[in-house]
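Model, not experiment: these values are computed from the prediction.
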Amino acid sequence: VSGGDPAGTGRTEASQARQVLIDANVSSEAIIMESQATTTAENAWFALRWLPKGTGQLYIVTSDFHMARASYIFAEVLN
């Protein structure tokens, strides 16, 4: 999960997403957290260090409003 605290709320987006996954019975050991990114481009860029070379799939979880923009940015960064 990726996301810093761009709104300055005192909680990172990554920590909130991690909790959602834990609440859905995902093991905390299976969750990799990146909590520095404050933009969509940084989400993609910082995620690169965790993706194994040759990974065939990556899932983006975001709002329907943001999905087209996020997909474009991730494609640009990852390609």
Side-chain angles (χ1 to χ4, degrees):
V1 292
S2 177
D5 183 14
T9 64
R11 261 188 99 183
T12 65
E13 293 171 348
S15 67
Q16 293 173 7
R18 178 181 184 272
Q19 190 58 53
V20 168
L21 292 172
I22 289 171
D23 291 347
N25 296 319
V26 174
S27 167
S28 61
E29 291 82 28
I31 302 169
I32 299 171
M33 280 190 29
E34 179 291 301
S35 56
Q36 296 176 320
T38 58
T39 67
T40 304
E42 287 179 352
N43 289 134
W45 184 252
F46 295 152
L48 283 174
R49 72 181 112 177
W50 303 111
L51 295 173
K53 188 172 182 152
T55 297
Q57 292 182 331
L58 173 73
Y59 295 95
I60 300 172
V61 179
T62 189
S63 68
D64 58 347
F65 177 79
H66 186 242
M67 184 56 79
R69 180 176 175 273
S71 296
Y72 173 78
I73 290 170
F74 268 75
E76 289 295 311
V77 170
L78 298 177
N79 290 327

Next item on the list: Work out which heavy atom in Glu42 is nearest to a heavy atom in Gln36; give both atom names and the distance.
Entry: OE1-O, 4.0 Å
Note to self: Hydrophobic clustering (ILVMFWY, side-chain heavy atoms < 4.5 Å, transitive) - are Ile32 and Leu51 grouped together?
What the structure shows: no
Check: Asn43 and Ser2: which non-hydrogen atoms are nearest, and at how many Å?
Finding: ND2-OG, 2.8 Å
Check: Is Leu58 reachable from Met67 through a run of I, L, V, M, F, W or Y residues, each pair having side-chain heavy atoms under 4.5 Å apart?
Finding: yes
Margin query: If hydrophobic clusters are built from ILVMFWY residues whose side chains come within less than 4.5 Å, do Ile60 and Leu21 share one?
Written below: no
Next item on the list: Could you grab the distance from atom CG of Leu48 to atom CD of Glu34, nearest 0.5 Å is fine?
Entry: 11.0 Å
Next item on the list: Work out which heavy atom in Arg18 is nearest to a heavy atom in Ser28; give both atom names and the distance.
Entry: NH2-CB, 3.3 Å
Notebook entry, point to check: Who passes side-chain hydrogen bond (donor to acceptor under 3.5 Å, both in side chains) against Thr62, sequence neighbours left out?
Noted result: His66
Check: Looking at Gly3 and Thr12, what are the two nearest heavy atoms and their distance?
Finding: O-CB, 3.4 Å
Next item on the list: May I ask you to test the Gln16-Val1 pair for a side-chain heavy-atom distance under 4.5 Å?
Entry: no
Check: What residues form a side-chain hydrogen bond (donor to acceptor under 3.5 Å, both in side chains) with Gln19, not counting sequence neighbours?
Finding: Asp23
Item checked: Connected via hydrophobic side-chain network under 4.5 Å: Leu78 and Phe46 -> yes
Margin query: Membership question, hydrophobic clusters at under 4.5 Å side-chain separation (ILVMFWY): are Val20 and Ile22 in the same one?
Written below: no
Next item on the list: Please report the shortest heavy-atom distance between Pro6 and Thr38, naming the atom on each side.
Entry: CB-O, 3.8 Å
